Peer 1: 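One structure follows; several queries about it will come next.
We count ligands from 1, going down the list as the structure has it; atoms in each ligand are counted the same way. Residue numbers run from 1 in the order of the sequence given. In what follows, every heavy atom counts, from backbone to side chain, and hydrogens, waters and symmetry copies are set aside. The structure displayed is predicted, hence computed values, not measured ones.
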Amino acid sequence: MAKIDNYNFNRKRALVRVDFNVPIDKETLKVTDDTRIKKALPTIKKILNDGGSVVLMSHLGRPKNIPENRFSLKNIVYKIEKLLGQPIQFASDAIGSRAFEKSKHLKAGEVLLLENLRFHPGEKKGDIEFAKKLAKHGDVYVNDAFGTAHRAHASTTTIAQFFPNDKLFGYLIEKEIESVDKVLNSDEKPLTAIVGGAKVSSKITIITKLLDKVDHLIIGGGMAYTFVKAMGGNIGNSLVEDDYLDTANSIIKEAKEKNVNLHLPIDTIIADEFSNEAHTQIVEINDIPQGWMGLDIANKSIEQFKKVILESKLILWNGPMGVFEMDKFQNGTKQIALAVAEATQKGAYSLIGGGDSVAAVNMFNLADKVSHVSTGGGAMLEYLEGKPLPGIEAILKS
Ligand code: AMP
């Protein structure tokens, strides 16, 4: 498989699957966050600079298999043109005859955007006939949509078979794959994983997988209270999954057997209601009174976690340390984000992998102070769990 840097797109029409599933204002139909478009620019520019042309395809929102104006990719044409610095063409049906006319006559340096792929039921079904038609738009297929790489859709997976010798990853996916590889498969040590977020149940697969790899496992966020209860602590009204107490105990045992240093919070900020207006106190995490719930980690935990993070060479972070959406309970997550940034500055490699920790790093303006912030929430979690992602497998398969 060719690497994008080594591929010459001169005189080729590249069919590029991007993730332009951007948020759109319901009233004005304007793009409210253009991050995903910006992230696709390096791949598009490389193709154009080589002397190739680009046919872009994506989904947007969740249309019900038929065209709907609010989900039309036409709404984002102005934004792509602005960011790319040139006009682009638009085809209002991805597999209509006019679309094929346009792609057939694309000249070097030109860009065509196809209408929302999910206006066709074949896209989500991974339909081979739909994929075959789409494939006619290009001489080479580039997948740069990491956010949908865990879906076996027509444009992300099925289509790759029509380009047996000319299929490759764009820069964005390449970086996502490299960063996971760097964190989980390199020999540098210590490797620290920080796992937070609401529930043990949604992170159990990744935690189990990480126990085979990491030197330190830091657990914070809502899921920590299930561990504390499993160890016999009083957690008051904190979030808990009683069905997972045994699981928590097995994780503690397995960590010991595998020589993984498991770090749980020592103290916590408790609140008398789930609200930013709540009364708060700081207590030991295993001594929370009835009627109170732990919503963030407190200073002793922060200090302990920071020490581990600052001594790490590789860091993976998934999930916040507390209810960071509320001002009163965001300090724990913020301090951990700052520690990860500081460790990175000292030479560690840090991957912020998926979901709310990505939102947190952005909220504290630290995205450019860590090594890599993943663009694919669910896809990144599945990839870290070691599941093969259909969109990635389809390119790797010869
Ligand atoms: P996840 O999507 O599993 O990573 O969970 C993220 C969510 O967990 C965020 O919305 C946080 O507000 C929430 N969360 C973090 N800590 C707590 C906590 N102590 N109690 C309740 N929810 C929490």
Peer 1: Looking only at the side chains, is there a donor atom on one of Asn331 and Gln335 sitting less than 3.5 Å from an acceptor on the other?
Peer 2: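 Indeed, the side chains of Asn331 and Gln335 share at least one donor-acceptor pair under 3.5 Å.
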
Peer 1: When you measure from the centre of the six-membered ring of Tyr141, is the NZ or CZ of Lys167 under 6.0 Å away and within 45° of the axis?
Peer 2: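 Geometry flag: not set, cation outside 6.0 Å or 45°.
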
Peer 1: Side chains of Asn318 and Ser357: do they bring a donor and an acceptor to under 3.5 Å?
Peer 2: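 No pair is found: no donor N or O on one side chain lies under 3.5 Å from an acceptor on the other.
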
Peer 1: Can an N or O of Gly319 be found at a distance shorter than 3.5 Å from an N or O of ligand 1?
Peer 2: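 There is no such contact.
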
Peer 1: Please walk me through it: do Asp93 and Arg98 pass salt bridge (charged side-chain N to carboxylate O under 4.0 Å, His left out)?
Peer 2: CA-CA 8 Å; Asp93 177 354; Arg98 302 252 296 272; over 6 Å; no

Peer 1: Going by the atom numbers of ligand 1, which of them fall below 4.0 Å from some non-hydrogen atom of Leu295?
Peer 2: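 In order of number, 19 (N), 20 (N).
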
Peer 1: For the pair Lys3 and Glu178, find out whether any cationic side-chain nitrogen is under 4.0 Å from an anionic carboxylate oxygen.
Peer 2: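 Salt bridge: yes.
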
Peer 1: Is the shortest distance from a Lys or Arg side-chain nitrogen in Asp34 or Lys82 to a carboxylate oxygen in the other one below 4.0 Å?
Peer 2: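 Looking at Lys82 together with Asp34, the answer is no, because their closest N to O distance does not fall below 4.0 Å.
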
Peer 1: Can the ring centroids of Tyr225 and Phe227 be said to lie less than 6.0 angstrom from one another?
Peer 2: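 No - the distance between ring centres of Tyr225 and Phe227 does not fall below the 6.0 Å cut-off.
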
Peer 1: Evaluating non-hydrogen atoms only, which member of Gly222, Ala359, Ser202 is closest to atom 17 (C) of ligand 1?
Peer 2: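 Residue with the shortest heavy-atom distance to the ligand atom: Gly222.
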
Peer 1: Give the atom numbers and elements of ligand 1 that come within less than 4.0 Å of a heavy atom of Val323.
Peer 2: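 Under 4.0 Å from Val323, ligand 1 has these atoms: 12 (O), 15 (C), 16 (N), 17 (C), 18 (C), 20 (N), 21 (C), 22 (N), 23 (C).
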
Peer 1: What is the ring orientation for His137 with Phe100, classed by angle as parallel under 30°, tilted 30 to 60°, or perpendicular over 60°?
Peer 2: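 Parallel, since the angle between the ring planes stays under 30°.
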
Peer 1: Under 3.5 Å between any N/O of Ala198 and any N/O of ligand 1: does that happen in this structure?
Peer 2: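 By distance alone, the answer is yes.
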
Peer 1: Against heavy atoms of Gly294, which atoms of ligand 1 measure under 4.0 Å?
Peer 2: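 Here the atoms of ligand 1 in question are 18 (C), 19 (N), 20 (N).
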
Peer 1: With a 4.0 Å heavy-atom cut-off (strictly under), which part of Tyr225 contacts ligand 1: side chain, backbone, both or neither?
Peer 2: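 For Tyr225, the contact with ligand 1 is made by the side chain alone.
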
Peer 1: Record the part of Met293 in heavy-atom contact with ligand 1 below 4.0 Å; permitted values are side chain, backbone, both and neither.
Peer 2: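 It is neither; nothing of Met293 touches ligand 1.
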
Peer 1: Quick one: does ligand 1 sit under 4.0 Å from the side chain of Asp356, the backbone, both or neither, non-hydrogen atoms only?
Peer 2: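 The answer is the side chain of Asp356.
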
Peer 1: Regarding ligand 1, does Lys199 bring an N or O atom to under 3.5 Å of one of the ligand's N or O atoms?
Peer 2: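 The answer is no, given that Lys199 and ligand 1 share no N or O pair closer than 3.5 Å.
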
Peer 1: Please confirm whether Met326 comes under 4.0 Å of ligand 1, counting heavy atoms of the residue only.
Peer 2: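 Under 4.0 Å: no for Met326.
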
